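Since the structure comes first, as structure tokens, the remarks are kept for the end.
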Amino acid sequence: MELNDANLQTLTEYLRKTLDPDPTVRRPAEKFLESVEGNQNYPLLLLTLLEKSQDNVIRVCAAVTFKNYIKRNWRIVEDEPNKISDADRTAIKANIVNLMLSSPEQIQKQLSDAISIIGREDFPQKWPDLLTEMVTRFRSGDFHIINGVLRTAHSLFKRYRHEFKSNELWSEIKLVLDTFALPLTELFKATIELCQTHATDVNALKVLFSSLTLISKLFYSLNFQDLPEFFEDNMETWMTNFHGLLTLDNKLLQTDDEEEAGLLELLKSQICDNAALYAQKYDEEFQPYLPRFVTAIWNLLVSTGQEVKYDLLVSNAIQFLASVCERPHYKHLFEDQNTLTSICEKVIVPNMEFRSADEEAFEDNSEEYIRRDLEGSDIDTRRRAACDLVRGLCKFFEGPVTAIFSGYVNSMLAEYAKNPGQNWKHKDAAIYLVTSLASKAQTQKHGITQANELVNLTEFFVNHILPDLKSLNVNEFPVLKADAIKYVMIFRSQLPKEQLLQAVPLLITHLQAESTVEHTYAAHALERLFTMRGPNNTTLISPAEMAPFTEQLLNYLFKALALPGSAENEYIMKAIMRSFSLLQEAIVPYIPTLIGQLTHKLLLVSKNPSKPHFNHYLFESLCLSVRITCKANPTTVSSFEEALFPVFTEILQNDVQEFLPYVFQVMSLLLEIHSNSIPASYMALFPHLLQPVLWERTGNIPPLVRLLQAYLEKGGATIASSAADKIPGLLGVFQKLIASKANDHQGFYLLNSIIEHMPPESITQYRKQIFILLFQRLQSSKTTKFIKSFLVFVNLYCVKYGAIALQEIFDSIQPKMFGMVLEKIVVPEVQKVSGAVEKKICAVGITKVLTECPAMMDTEYTKIWTPLLQALIGLFELPEDDSIPDDEHFIDIEDTPGYQTAFSQLAFAGKKEHDPIGDAVGNPKILLAQSLHKLSTAFPGRVPSMLSTSLNAEALQFLQGYLQAASVQLV
């Protein structure tokens, strides 16, 4: 694509169409942009537009498109084409920093993100001058530019907060510190001075304070891994100024907005984080500064209001106290009973209250409320921080703290009892307090695993939780109902089973509640209870115990999906999946009605998939319906196909990318249930599955390979007779997969199924080419994974077609090739093969080579006979060799860059392990003994003499054991 006006005009038109709400206009435009993004100059056209277009909307759209393009394509993946030309890469890196700094803020943010994505891959090795280019801009004095640099540096360095320690990381951080730490410190001091100069100019202050917040964030990232020498030497400068900023109160920066945190709050929040980091990690060096920070933060907490805009500040300030109070160093600061009482009274209790803002979120923004409350993303809520502070204080002062709070809990419950309608928030706070007091350790899987002995959970459940669950009106006091349900869920491992069983029907009733939070919690609690394990590793709650409630449970779960706000509620869908899994054949009578509801739901969500978890559990539930019903009666598979195929066809025709891997897995499951023939409806689809475009997407590969394997297993003969022209396409897929290090094992799965299930004559003409392709790959890049798969394939070929056929095909490619493969690959590497079925295939194949291949007995191949036998005995007796050479860092199969949906394995579409040899060989060791016996009768005297001259004593001893077990002797 040339950089000219015509192309800029075309691109502008298509970008405008991608903003159109009408999918018939939007989708083709997105597809067009996708089709041209591989062309040279495409990214430069986007950058030109975002710089020069007259239309602001187009500029922002070009910036977002550019950032997403970089996100998808910048990373170079081994074995895959480089999607951005080197010239474009160089041009982008040469211009992007300047462009970013001169763009308006909206575009600056997008380009700043793009720089950090490129930086992740290229900095420092391939982009050494990035930092110096950025640091020189600090001198410009223009804070629009300086903030652009700071924002980019923040997005570049924030990964230091969660990267694992490694030498590369250390050397990168050292390089950054050498270039960046001093200029950053100078900028920090200069900015603080400017704040004093412009103390009365509100606009200047806004810019300066946003700079200070970014500088404080950078301080956190650069100090996270370890305390750098530079910052230790300059601690006085940083800490004195941080302390000064914490205590500063500039009236000009106070905002009237009650929701949105202002600049002052954001800066102070970050400083609390920085102080907590130092108090936790570098307590010795930080000791001189700690008391004044504790005082400043304490004063801050006592004087800050309940408005939402202070939430982040208050929670970070409380988190600071929490991190300080659980360090033995600082225990003395909290020992005094009055201090404890005052922390409980002034900090913890007020911040546990359910505010009107929380009530609004509960009612109007339930998704966000659930995410914060259930999934623990409430890290920056006041309640979570107060809860952490309670836990921290309990570490050294469990007795006194529990005593102080028990008084509060009792008085709150007494207030509630006086007038429930008016005082229900008191009970909510009491339940929250009890929960935070009682929970010492928690896991996602089991809820609370360790509880405070001083709190009687069962008694609290009976007296205060059960009455709310039993109340006849499920819509009264929804917050308290949600609290009660959450209590059951959190303490499920602590409450006795009879109380959980008592709760189950009550939870089912709450699925009908109008409140989204309440019925979501009920579904989630049921799902968690159904996963609990009993003493003998069965589920704690059995299908028999659920029998009285089964119909109501299924009925209410599906009805809940129709409640406003829950059409795609992932918790309800997960509870449906878990109920199916628990109840097993008890669901069969209900499936005919439920499958219709599930497929209807699938059709709706496939129009615009937006909730990945919901969609995943929906497909899992479909798999379970199929599995459970067809296990009881395999002939019902056709009724499932009738229900599902119309929706699947639509998904395939509309190319709904997120759903294709799922559809292929469900189809595999259905096809594998058929007895040994392949229905015409599947054969009609077969050619489409070989289309190269489907194989371009990494997420499709594992499920598509499995689906093709099912086709081969059920209909190898049908494909050979009615779709023989498709065999080259099938081998084309194999050839593509085998070329990739990440997917070569999938290519072998496909190849092994072709060898196992296709009639031999249908692939005769292709066999030699298959082997040549494998040898080319062996020469170009020989990895352990490839060798293991190659060994299994060669031996499967031998089992299927015989040892002579194997020797002949190798030697037809190149004379003496067979001996080279045995000597260079089979003998040294067979120890690496893993997996019971794989080892069995190799054992049977090698046994056939040893005993059914005349060339092994009377040509120069004979010298390999004993080493090969020795390697086979090693395969039986030695531990698996799982060493991997140093230079092989496998690309993780799931590690796909950018936006492609990685493959999501459906747990309930699992495939049984298939043994191509089956019962024909029970014990390969016995087979070896019997085959050697047969060989020795054909060549009397030869076999014992070959063994005695070169087989080592230990191997010989094992072999004697096999011969005895098989009751045969060698002659």
Side-chain angles (χ1 to χ4, degrees), residues 43-44 47-48 50-52 63 66-67 70 74 88-160 171-195 197-198 204 206-223 228-231 233-234 237-238 241:
L44 305 181
L47 288 177
T48 311
L50 70 84
E51 184 184 12
K52 300 193 169 143
F66 176 78
K67 179 194 72 179
I70 294 291
W74 192 272
D88 282 355
R89 285 174 188 270
T90 310
I92 289 170
K93 284 192 284 198
N95 295 309
I96 190 166
V97 176
N98 265 334
L99 246 179
M100 184 265 302
L101 296 174
S102 58
S103 298
E105 194 163 331
Q106 245 183 324
I107 294 172
Q108 193 177 67
K109 280 187 171 146
Q110 300 297 333
L111 291 179
S112 168
D113 284 350
I115 292 174
S116 70
I117 296 164
I118 298 171
R120 258 213 94 132
E121 300 299 322
D122 290 16
F123 174 78
Q125 273 77 22
K126 295 186 197 163
W127 201 358
D129 51 353
L130 170 65
L131 266 196
T132 33
E133 193 181 346
M134 281 165 46
V135 168
T136 49
R137 307 305 169 95
F138 282 166
R139 301 195 200 110
S140 68
D142 176 345
F143 271 85
H144 175 70
I145 291 179
I146 291 173
N147 280 354
V149 173
L150 291 171
R151 196 176 292 119
T152 306
H154 172 53
S155 58
L156 205 54
F157 304 153
K158 68 175 176 223
R159 68 187 178 90
Y160 301 156
S171 55
E172 182 181 324
I173 293 178
K174 185 180 179 318
L175 179 101
V176 168
L177 288 165
D178 291 347
T179 322
F180 208 79
L182 179 63
L184 186 72
T185 309
E186 296 301 326
L187 180 69
F188 181 51
K189 292 194 292 199
T191 311
I192 284 179
E193 278 173 23
L194 284 169
C195 288
T197 321
H198 297 285
K206 280 182 178 167
V207 177
L208 294 169
F209 269 79
S210 55
S211 305
L212 286 172
T213 305
L214 284 164
I215 292 171
S216 304
K217 287 182 174 180
L218 285 165
F219 177 89
Y220 189 85
S221 300
L222 295 176
N223 282 274
E229 199 177 325
F230 178 88
F231 285 105
D233 296 344
N234 288 275
T237 303
W238 283 93
N241 282 313

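Since the structure is predicted, the reported quantities are computational estimates derived from the model, not experimental observations. We count residues from 1, following the sequence as given.
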Minimum-distance pair of heavy atoms, taken over all atoms of [X] and [Y]:
X      : Y      : result
Val97  : Met134 : CG1-CG, 4.4 Å
Asp88  : Leu44  : OD1-CD1, 3.5 Å
Ala63  : Ile107 : CB-CG2, 4.0 Å
Met100 : Ser112 : CG-N, 3.8 Å
Leu218 : Ala153 : CD2-C, 3.6 Å
Leu111 : Ile96  : O-CD1, 4.2 Å

Item to check | Heavy-atom neighbours of Glu186 CD exceed 12 at 6.0 Å | outcome: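 Correct, the count exceeds 12.
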
Checklist entry - Hey, mind stepping through Ile115 and Phe123 against side chain to side chain contact (heavy atoms under 4.5 Å, CB included) and telling me if it holds? => result CA-CA 10 Å; Ile115 292 174; Phe123 174 78; over 6 Å; no

Distance check, rounded to the nearest 0.5 Å: [X] atom [atom1] versus [Y] atom [atom2]?
X      : Y      : atom1 : atom2 : result
Ser211 : Lys206 : OG    : NZ    : 14.0 Å
Thr191 : Leu184 : OG1   : CG    : 9.0 Å
Phe219 : His154 : CZ    : NE2   : 15.0 Å
Leu47  : Lys52  : CG    : NZ    : 11.0 Å
Thr152 : Leu131 : OG1   : CG    : 11.0 Å
Phe231 : Thr237 : CZ    : OG1   : 11.0 Å

Item to check | Side-chain (Lys93) to main-chain (Asp122) donor-acceptor, under 3.5 angstrom | outcome: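 Not at all, since once roles are kept as given, no pair shorter than 3.5 Å links the two residues.
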
Checklist entry - Does His144 reach the main-chain N or O of Ser103 with its side chain, forming a donor-acceptor pair under 3.5 Å? => result yes

Under 4.0 Å between a side-chain nitrogen and a carboxylate oxygen: does that hold for [X] and [Y]?
X      : Y      : result
Asp178 : Lys174 : yes
Glu105 : Lys109 : yes
Glu121 : Arg89  : no

Quick check: do [X] and [Y] have side-chain heavy atoms less than 4.5 Å from each other?
X      : Y      : result
Asn234 : Leu182 : no
Leu130 : Ile118 : no
Val149 : Ile146 : no
Trp74  : Arg120 : no
Leu177 : Phe230 : no
Pro228 : Asn223 : yes

Item to check | Residue pair Ser140, Leu101: steps toward the side chain to side chain contact (heavy atoms under 4.5 Å, CB included) verdict | outcome: CA-CA 11 Å; Ser140 68; Leu101 296 174; over 6 Å; no

Item to check | Residue pair Ile117, Lys67: steps toward the side chain to side chain contact (heavy atoms under 4.5 Å, CB included) verdict | outcome: CA-CA 9 Å; Ile117 296 164; Lys67 179 194 72 179; 4.3 Å; yes

Item to check | side-chain contact (heavy atoms from CB on, under 4.5 Å) partners of Leu194, counting only residues at least two apart | outcome: Phe143, His198, Leu208

Item to check | Sole residue of Glu51, Glu133, Arg137 in side chain to side chain donor-acceptor pair (under 3.5 Å) with Asn98 | outcome: Arg137

Item to check | With sequence neighbours excluded, residues passing salt bridge (Lys or Arg N to Asp or Glu O under 4.0 Å) with Arg139 | outcome: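 Salt bridge (Lys or Arg N to Asp or Glu O under 4.0 Å) check on Arg139 returns nothing, list empty.
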
Next on the checklist: For Phe180 together with Phe157, are the ring centres under 6.0 Å from each other?
Outcome noted: yes

